[in-house]
Number of protein chains: 2
Amino acid sequence: MPETPTVAARGPIIRPAPLRQAVYDALTELIINGSLTPGQHLVEAELAARLGVSRQPIREALQRLHTAGWVDLRPAQGAFVHSPTTEECAQLLSVRAVLETHSARGAAQHATPPDVARLWELQETGLTALAAGDARAIVEANAALHAHITHLSRNAVLAELIPQVDRRVRWYYMPIAKPRGKDAWSEHARIIEAIAEGDPDHAEELMRRHTSNTTDFYCRQIASVAGRGV
Amino acid sequence: MPETPTVAARGPIIRPAPLRQAVYDALTELIINGSLTPGQHLVEAELAARLGVSRQPIREALQRLHTAGWVDLRPAQGAFVHSPTTEECAQLLSVRAVLETHSARGAAQHATPPDVARLWELQETGLTALAAGDARAIVEANAALHAHITHLSRNAVLAELIPQVDRRVRWYYMPIAKPRGKDAWSEHARIIEAIAEGDPDHAEELMRRHTSNTTDFYCRQIASVAGRGV
DNA sequence: ATGCAGAATACTGTATGCAATCATCCTCGC
DNA sequence: GCGAGGATGATTGCATACAGTATTCTGCAT
């Protein structure tokens, strides 16, 4: 559009960077914060108008959202916000457990002292968020810590795959972040210690138990609430 | 890629015109068989002319190829066929090992007699290809068998993630398929037996050793050719 | 009143056109 | 001779336009 992109107070994209990326970020945000509810039909023209762009970047972003598992793309019918089921959450957590366990082993093999120092920093951030009781900050810190452990594993494929799973887990994990937090972060500390000592077997085993605990906690929480699966 | 077998019951497969899917398949084929070499710049207009479609489906297919790891997409510069490194191959194989191991466990827990019968059919196909010495058929049968084991794990997330890794492994695996074949398929047989007996621990352990053997074989092969291993 | 058939509508899928950007190469100055 | 700057060609990114198809509403017959 010939309009000057200077005035972009709300909603519309501000960055002169690739539009599809901005659209992708905007849509994930809208899905995470609940502006777009599971099962909702996403009309391309509507989204285009809402974000102030044409349908083309919208389509490309929807493709990426599809491969990332955020939306279901049904041919000749359009995009729908993905509706997570309890089975899928459990599967997601189980796969995440396997991948994270593997990355913990790699991290213990490759981590350097500066790397470990960075981990302790992230651990501190998490504890602060936990003390403040900010669920969103807790989840974010948790993701940052796990992401860095993945990074330390020096495995590009792992680093590419885990975020795909982890971001979705993050979404489902939000409601249980606070009650689970205390135990989780003390487990984190032990994992970091094992990585610092360069003990792959120990780090792997600790991460296995950590993710297993998280999964169990989630399943129990779901069971106690019952009927949260759409 | 396998469509959901739950609905694929009757009626001729009516494909309205999923051009992007056809383009995606065509391009992957071109990459696998070497018509498009690693590092090559993929010009949209050129591909469009070559496949007889417009640039739009090409663009969408390239997006998917990017997320699948087949091409690198550099902003404002275009798509380039991904150049695999030996480190990446090793990482790919290690991640695949972890995921396949997990899926073998799931398969042993959920497989029914008909499922097992199907596995034996696929095993037979593989042995036939092995006897014929057709490298391509061997790799294909191997992929089919592993894919079915993944399917039997009844884990949608796994079924979504593994092909992303496996198809790329398939590509790198081609050169070593024949020499590795004999041992691989006898190991397959034992894994199928464990699944048939519903023994998750045994199936998991066998698959772990199987993938480990494949990884080692690959690394040794690379080392003997290039002179530098991992 | 209910079920079905037909048309209208809305949306997706595809094609084409235009502007911005990047790479390359030639020319000019030192 | 060598490096810097600008011009030119090519290619991507975005927008718009058109065609095909699924959905929905309406009207009619049962």
Return the value, rounded to whole Å, for the distance between atom CZ of Arg55(B) and atom P of dA15(D).
14 Å
Ile58(A) near the nucleic acid: base, sugar-phosphate alone, or nothing, with a heavy-atom cut-off under 4.0 Å?
nothing
Given side chains that start at C-beta, do those of Leu161(A) and Leu99(B) come closer than 4.5 Å, heavy atoms only?
yes
Glu60(A) CD - dT14(C) P separation (whole Å):
14 Å
Can you check side-chain hydrogen bond (donor to acceptor under 3.5 Å, both in side chains) on Thr211(B) and Arg96(B), steps first, answer last?
CA-CA 8 Å; Thr211(B) 52; Arg96(B) 188 191 79 131; over 6 Å; no
Starting at CZ of Phe80(B) and ending at P of dT11(D), how long is that distance when rounded to a whole Å?
11 Å
Give the rounded distance in Å between these two atoms: CD of Glu44(B) and P of dG13(D).
6 Å
Which listed nucleotide (dC14(D), dT12(D), dT14(C)) is nearest to the side chain of Val43(B)?
dT12(D)
Starting at CG of Leu47(A) and ending at C1' of dT12(C), how long is that distance when rounded to a whole Å?
13 Å
Looking only at side-chain atoms of Ser54(B), point me to the closest of dA15(D), dC11(C), dT14(C).
dT14(C)
Separation of atom CD in Gln77(B) from atom P in dG13(D), rounded to whole Å
10 Å
Do the ring planes of Trp171(B) and Trp70(B) sit parallel (below 30°), tilted (30 to 60°) or perpendicular (above 60°)?
tilted
Which sits closer to the 5' end of DNA chain D, Ala76(B) or Arg74(A), going by the nucleotide each is nearest to?
Ala76(B)
In whole angstrom, give the distance that lies between atom NE2 of His66(A) and atom P of dG13(C).
11 Å
Within the structure shown, what part of the strands sits under 4.0 Å from Leu42(A) by heavy-atom distance: base, sugar-phosphate, or nothing?
sugar-phosphate
Give the rounded distance in Å between these two atoms: CD of Glu46(A) and P of dT12(C).
10 Å
Taking for each residue the nucleotide of DNA chain D bearing the nearest heavy atom, is the 5' side occupied by Gln56(A) or by Pro75(A)?
Gln56(A)
Would Arg168(B) and Glu160(A) count as a salt bridge (Lys or Arg N to Asp or Glu O under 4.0 Å) if you check the C-alpha gap in whole Å, the side-chain angles of each, and the deciding distance to 0.1 Å?
CA-CA 14 Å; Arg168(B) 288 159 71 187; Glu160(A) 173 191 338; 3.8 Å; yes
Side-chain N or O of His41(A) versus OP1/OP2 of dT12(C): is the shortest distance under 4.0 Å?
yes
Determine: side-chain N/O of Arg59(B) to OP1/OP2 of dG13(D), distance under 4.0 Å, yes or no.
yes
Test Gln77(B) against His41(B) for side-chain hydrogen bond (donor to acceptor under 3.5 Å, both in side chains), laying out the working first.
CA-CA 9 Å; Gln77(B) 191 173 354; His41(B) 185 132; 5.9 Å; no
Under 4.0 Å between a side-chain N or O of Arg20(A) and OP1 or OP2 of dG13(D)?
yes
